[in-house]
A.B. asks: 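Encoded as structure tokens, here's the structure I'll be asking about.
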Amino acid sequence: MTGTIILIARTADVIPRGTKADLPTRRAQAEDKDALAQLFYSAYEAVGLDSANGGVDSLDEAREVVEGLFDGEYGPFLPEASPVVVNDSGEIIAASLVVERRRGEGLPDAPYIFELFTHSAHRRQGLAERLVRESVAALKESGHERVSLRIREDNSPALALYLTLDFNRWQPEAEDDEL
């Protein structure tokens with residue numbers, strides 16, 4: 001497995017703006033658990049990521065992760081900062097799922113984008129960027145100054161997206177310094 005890196009950004013630096021994606025968004029809800037699990041599994045399966053590489057091995061495992069997310073297993077879930085994109089049929093096609101602070105050692109004390117995923121048929125339409133911007137705007141509005149996430153270090157498309165949005169590599173020893 002390739003290593004992961006932790007990225008962090010100041011919420012004031014990620015400015016909301018329009019994107020070419022014009023589908024509606026709404027907050028993730030408990031009723032969305034099964035749809036989110038299916039999308040989570042299929043999004044990572046489509047790019048060949050199993051649990052050893054940052055994805056999940058089965059739909060049942062995806063359901064366990066999503067259930068745990070809503071139950072606070074990974075940190076308090078923040079539905080107000082967790083937008084989903086829905087298509088014309090009301091199906092969720094992309095999601096940004098955020099926790100108040102990710103449980104675990106060696107992570108910043110900041111809200112955490114737990115998962116960001118898009119249905120394979122809807123990639124490269126600006127949905128991921130739009131969702132990150134919406135998540136960060138909601139966090140800023142709630143008084144949070146920073147947001148963090150973890151990605152695989154070889155995930156060039158994700159890294160490019162986050163660098164474009166002013167995320168930087170997190171360095172624990174510089175916690176109190178400027179990003």
A.B. asks: Take Leu149 and Phe167 through the side chain to side chain contact (heavy atoms under 4.5 Å, CB included) test and state the conclusion after the steps.
C.D. replies: CA-CA 9 Å; Leu149 56 91; Phe167 279 76; 3.5 Å; yes

A.B. asks: Look up atom OH in Tyr74 and atom CZ in Arg102, then write down how far apart they are to the nearest 0.5 Å.
C.D. replies: 7.0 Å

A.B. asks: With distance as the sole test, does Ser148 use its side chain to make a donor-acceptor pair with the main-chain N or O of Ile113 at under 3.5 Å?
C.D. replies: no

A.B. asks: Got Val84 and Thr25 here, is their nearest side-chain heavy-atom distance under 4.5 Å?
C.D. replies: no

A.B. asks: Using distance alone, with no hydrogens and no angle criterion, decide if Thr4 and Glu153 have a side-chain donor and acceptor under 3.5 Å apart.
C.D. replies: no

A.B. asks: Starting at CD of Glu61, measure out to CZ of Arg63 and round the result to the nearest 0.5 Å.
C.D. replies: 12.5 Å

A.B. asks: Closest heavy-atom contact between Gly106 and Trp170?
C.D. replies: O-CZ3, 3.2 Å

A.B. asks: Under the criterion side chain to side chain contact (heavy atoms under 4.5 Å, CB included), I'd like the reasoning laid out for Tyr162 against Ile151: C-alpha separation, chi angles, the key distance, then a yes or no.
C.D. replies: CA-CA 10 Å; Tyr162 294 122; Ile151 64 169; 3.8 Å; yes

A.B. asks: Step by step, work out the side chain to side chain contact (heavy atoms under 4.5 Å, CB included) result for Glu91 and Val86.
C.D. replies: CA-CA 5 Å; Glu91 299 168 314; Val86 294; over 6 Å; no

A.B. asks: Answer yes or no: is there a side-chain heavy-atom contact under 4.5 Å between Phe70 and Leu36?
C.D. replies: yes

A.B. asks: Restricting to non-hydrogen atoms, name the atom on Ala43 and the atom on Thr118 that form the minimum distance, rounded to 0.1 Å.
C.D. replies: CB-O, 3.6 Å

A.B. asks: Please check if atom CD in Glu141 has more than 12 non-hydrogen atoms from other residues, nucleotides or ligands closer than 6.0 Å.
C.D. replies: no

A.B. asks: Side-chain contact, heavy-atom cut-off 4.5 Å: Ile5 with Arg150?
C.D. replies: no

A.B. asks: Could you measure the distance from the NE2 atom of His119 to the CZ atom of Arg123? Nearest 0.5 Å is fine.
C.D. replies: 9.0 Å

A.B. asks: With a 4.5 Å cut-off on side-chain heavy atoms, are Leu69 and Phe114 touching?
C.D. replies: yes

A.B. asks: Given side chains that start at C-beta, do those of Leu139 and Leu78 come closer than 4.5 Å, heavy atoms only?
C.D. replies: yes

A.B. asks: Answer yes or no: does atom CD of Glu80 have more than 12 heavy-atom neighbours from other residues, nucleotides or ligands under 6.0 Å?
C.D. replies: yes

A.B. asks: Using modelled atom types and a 3.5 Å cut-off, is there a donor and acceptor pairing between side-chain atoms of Arg146 and backbone atoms of Asp109?
C.D. replies: yes

A.B. asks: Side-chain contact, heavy-atom cut-off 4.5 Å: Ser82 with Ser135?
C.D. replies: no

A.B. asks: Mark yes or no for whether Asp71, through its side chain, and Glu73, through its backbone, hold a donor-acceptor pair below 3.5 Å.
C.D. replies: no

A.B. asks: Okay, side chain of Arg101, backbone of Leu107: is any donor-acceptor separation there less than 3.5 Å?
C.D. replies: yes

A.B. asks: In Å and rounded to the nearest 0.5 Å, what is the OG1 to CZ distance from Thr11 to Arg133?
C.D. replies: 13.5 Å

A.B. asks: Taking 4.0 angstrom as the limit, do Asp166 and Arg10 come out as a salt bridge?
C.D. replies: no

A.B. asks: Any non-hydrogen side-chain atom of Val85 less than 4.5 Å from a side-chain atom of Pro24?
C.D. replies: no

A.B. asks: Starting at CZ of Arg152, measure out to CG of Leu159 and round the result to the nearest 0.5 Å.
C.D. replies: 12.5 Å

A.B. asks: Ignoring hydrogens, what is the shortest heavy-atom contact between Tyr41 and Ala62? Give both atom names and the distance.
C.D. replies: CB-CB, 3.8 Å

A.B. asks: Distance check, rounded to the nearest 0.5 Å: Leu161 atom CG versus Leu165 atom CG?
C.D. replies: 5.0 Å

A.B. asks: Test your reading of the model: is there a side-chain donor-acceptor pair from Ser96 to the backbone of Leu116, 3.5 Å cut-off?
C.D. replies: no

A.B. asks: So Ile92 and Asp32, do their side chains get closer than 4.5 Å, heavy atoms only?
C.D. replies: yes

A.B. asks: Take Phe117 and Leu39 through the test side chain to side chain contact (heavy atoms under 4.5 Å, CB included) and record every step on the way to the result.
C.D. replies: CA-CA 8 Å; Phe117 46 86; Leu39 179 59; 3.6 Å; yes

